[in-house]
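Only one structure is covered here, and it is reproduced in the block below.
Note: hydrogens, waters and symmetry copies are ignored here, and every other heavy atom, side chains too, is used. In what follows, every chain begins at residue 1, and chains take the letters A, B, ... in the order their sequences are listed. Everything numeric here is computed off the predicted structure, so don't read it as measured data.
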2 protein chains.
Amino acid sequence: MKRTIEDINYSETANSLARFAKALAHPTRIEILHYLDSQSCCFTGDLVEIFPLAQSTISQHLKELKNAGLIQGELNSPKIKYCINQENWNKAQKLFEELFKKNLGDSNGNC
Amino acid sequence: MKRTIEDINYSETANSLARFAKALAHPTRIEILHYLDSQSCCFTGDLVEIFPLAQSTISQHLKELKNAGLIQGELNSPKIKYCINQENWNKAQKLFEELFKKNLGDSNGNC
DNA sequence: TTTATTAATCGTTAATTTACGATTAACTAT
DNA sequence: ATAGTTAATCGTAAATTAACGATTAATAAA
């Protein structure tokens, strides 16, 4: 990313959406969220068993989801229990809803 | 991406969602979609004027949106008119809707 | 206190992404 | 035919991402 000019000022919406989208931009992370949903919560170890990926890789994916705010971890020593961060999940839901809501009309045949 | 083991079998849903999410994972592309929405369609040149980015960079972003199926281009020589690909847009909308719909309950206090 | 368990972090490597300028291709218009 | 316009593509560089194994940190159990 070789930006020469000053950074672009994107709208807050665009930045947030892109941030959430980025967190969702990997099938493993989608599957983790699906699992998290079906179980309501889970431990890192559960996922390591499910996915044919190294423990460190799963940890990395969890970190990204956590950094994006979509999930949260709670110490349940010596394990860590992860679950959806409902507040941000709802935020993300709204943002995507807004994004897709728009293009409904297109009834004006200028396209 | 140094996968040593055979590739993982993700669900079709996970793959599609991740694919769409990836296309949405950059603020410039979100803004392009917003603009495309407000104008119903536009030319590459319009975007080059709006964003402080090189023409080739805009082209690249358009290519990604096109590859993900979210937009489509139509020759309008010597320009190219882009607009939302309604069919895939609706598909994406449904996928995200499904993803977010799930976690509503959480009324079972086991988290 | 030592040993196990669990998961994060570190260090590395390969691939991908994002940006750029330069070039090319496809048309239009002169 | 020649010149102009528009946008894709090429080649490149820097940053980021995704994977791994190894190590570390934190806690529980013995």
Side-chain angles (χ1 to χ4, degrees), chain A residues 1-10 14-15 18-32 35-36 41-68 71-83, chain B residues 1-10 14-15 18-32 35-36 41-68 71-83:
Chain A
M1 206 192 306
K2 192 176 38 174
R3 304 258 46 238
T4 48
I5 54 178
E6 70 290 348
D7 275 1
I8 301 177
N9 266 350
Y10 296 106
N15 275 327
R19 201 173 144 75
F20 282 129
K22 203 173 189 178
L24 299 173
H26 195 288
T28 294
R29 294 198 287 271
I30 297 286
E31 300 275 30
I32 287 176
Y35 185 75
L36 223 44
C41 58
C42 75
F43 302 106
T44 306
D46 301 341
L47 300 168
V48 175
E49 275 175 30
I50 292 172
F51 295 98
L53 292 170
Q55 179 263 319
S56 55
T57 304
I58 297 291
S59 238
Q60 217 169 252
H61 281 305
L62 287 170
K63 191 181 181 181
E64 290 213 43
L65 289 170
K66 203 170 51 181
N67 285 345
I71 66 172
Q72 62 196 18
E74 173 193 335
L75 190 60
N76 214 323
S77 212
K79 301 186 176 183
I80 293 182
K81 195 172 73 179
Y82 281 103
C83 57
Chain B
M1 206 194 308
K2 192 177 41 173
R3 305 258 45 240
T4 48
I5 54 177
E6 71 289 350
D7 275 359
I8 301 178
N9 266 349
Y10 295 106
N15 275 327
R19 202 173 143 74
F20 283 129
K22 201 172 189 179
L24 299 174
H26 196 289
T28 294
R29 294 198 287 271
I30 296 286
E31 299 275 30
I32 287 176
Y35 184 75
L36 223 44
C41 58
C42 74
F43 301 107
T44 306
D46 300 342
L47 300 169
V48 175
E49 275 173 30
I50 293 172
F51 294 98
L53 291 170
Q55 179 263 319
S56 54
T57 303
I58 297 291
S59 239
Q60 220 170 251
H61 281 304
L62 287 170
K63 191 182 182 180
E64 289 213 42
L65 288 171
K66 204 171 49 181
N67 285 346
I71 66 172
Q72 61 197 19
E74 173 193 334
L75 190 60
N76 214 323
S77 215
K79 301 185 178 185
I80 292 181
K81 195 172 72 178
Y82 281 104
C83 57

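In this structure, A:K66 reaches neither bases nor backbone, as no heavy-atom distance under 4.0 Å exists between it and the strands shown. Within the nucleic acid shown, A:T44 comes within 4.0 Å of sugar-phosphate atoms alone, with no base atom in reach, counting heavy atoms only. At a threshold of 4.0 angstrom between heavy atoms, the contacts of A:S59 include nucleobase atoms, whether or not backbone atoms are also involved.
Rounded to whole Å, the distance from CG on B:N76 to P on D:dT6 is 12 Å. Look at CD on A:E74: it is 14 Å from P on C:dA8, rounded to the nearest Å. The CG atom of A:N67 sits 12 Å away from the P atom of C:dA8 (whole-angstrom rounding). The CD atom of A:E64 sits 15 Å away from the C1' atom of C:dA8 (whole-angstrom rounding). B:H26 has its NE2 atom 14 Å from the C1' atom of D:dT17, to the nearest Å. The separation between A:I32 atom CD1 and D:dA18 atom P is 11 Å, rounded to whole Å. One can place CG of B:L62 at 13 Å from P of C:dA19, the figure rounded to the nearest angstrom. To the nearest angstrom, P of C:dT5 lies 23 Å from NZ of A:K81.
Closest of all the heavy-atom pairs between A:C42 and A:Y35 is CB-CE2, 3.6 Å. The minimum heavy-atom distance linking B:L24 with B:I30 is given by the pair O-CD1, 3.3 Å. Across all non-hydrogen atoms, the minimal contact from B:G73 to B:I80 is CA-CG2, 4.1 Å.
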Below 3.5 Å between N/O atoms, which protein atoms pair up with nucleotides 26-30 of chain D? Just atom names and distances, please.
residue: D:dT27; atom: O3'; partner: A:S77; partner atom: OG; Å: 2.5

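The distance from the CZ atom of B:F51 to the CD1 atom of A:I8 is 7.5 Å, given to the nearest 0.5 Å. Between atom CD of residue B:E64 and atom NZ of residue B:K22 there is a gap of 8.0 Å, rounded to the nearest 0.5 Å.
Note on ring orientation: taking the six-membered ring where Trp is involved, the planes of B:H26 and B:H61 are tilted (angle from 30° to 60°).
You won't find any donor-acceptor pair under 3.5 Å spanning the side chain of A:Q60 and the base of C:dA8, going by distance alone.
The side chain of B:Y82 lies closest to D:dA8 when the candidates are C:dT18, D:dA8, C:dG21. Taking only side-chain atoms of B:F43, from C-beta outward, the nucleotide of D:dA7, D:dT9, C:dT18 with the closest atom is D:dA7. The side chain of B:T57 sits closest to C:dC20 out of D:dA8, C:dC20, D:dG21.
Although no hydrogens or angles enter the test, the distance criterion places no donor-acceptor pair under 3.5 Å between the side chain of B:R29 and the main chain of A:A18.
OP1 or OP2 of D:dT17 has not a single side-chain nitrogen or oxygen of B:K22 nearer than 4.0 Å.
Nearest-nucleotide assignment on DNA chain C puts the 5′-proximal partner with B:H61, out of B:Q55 and B:H61.
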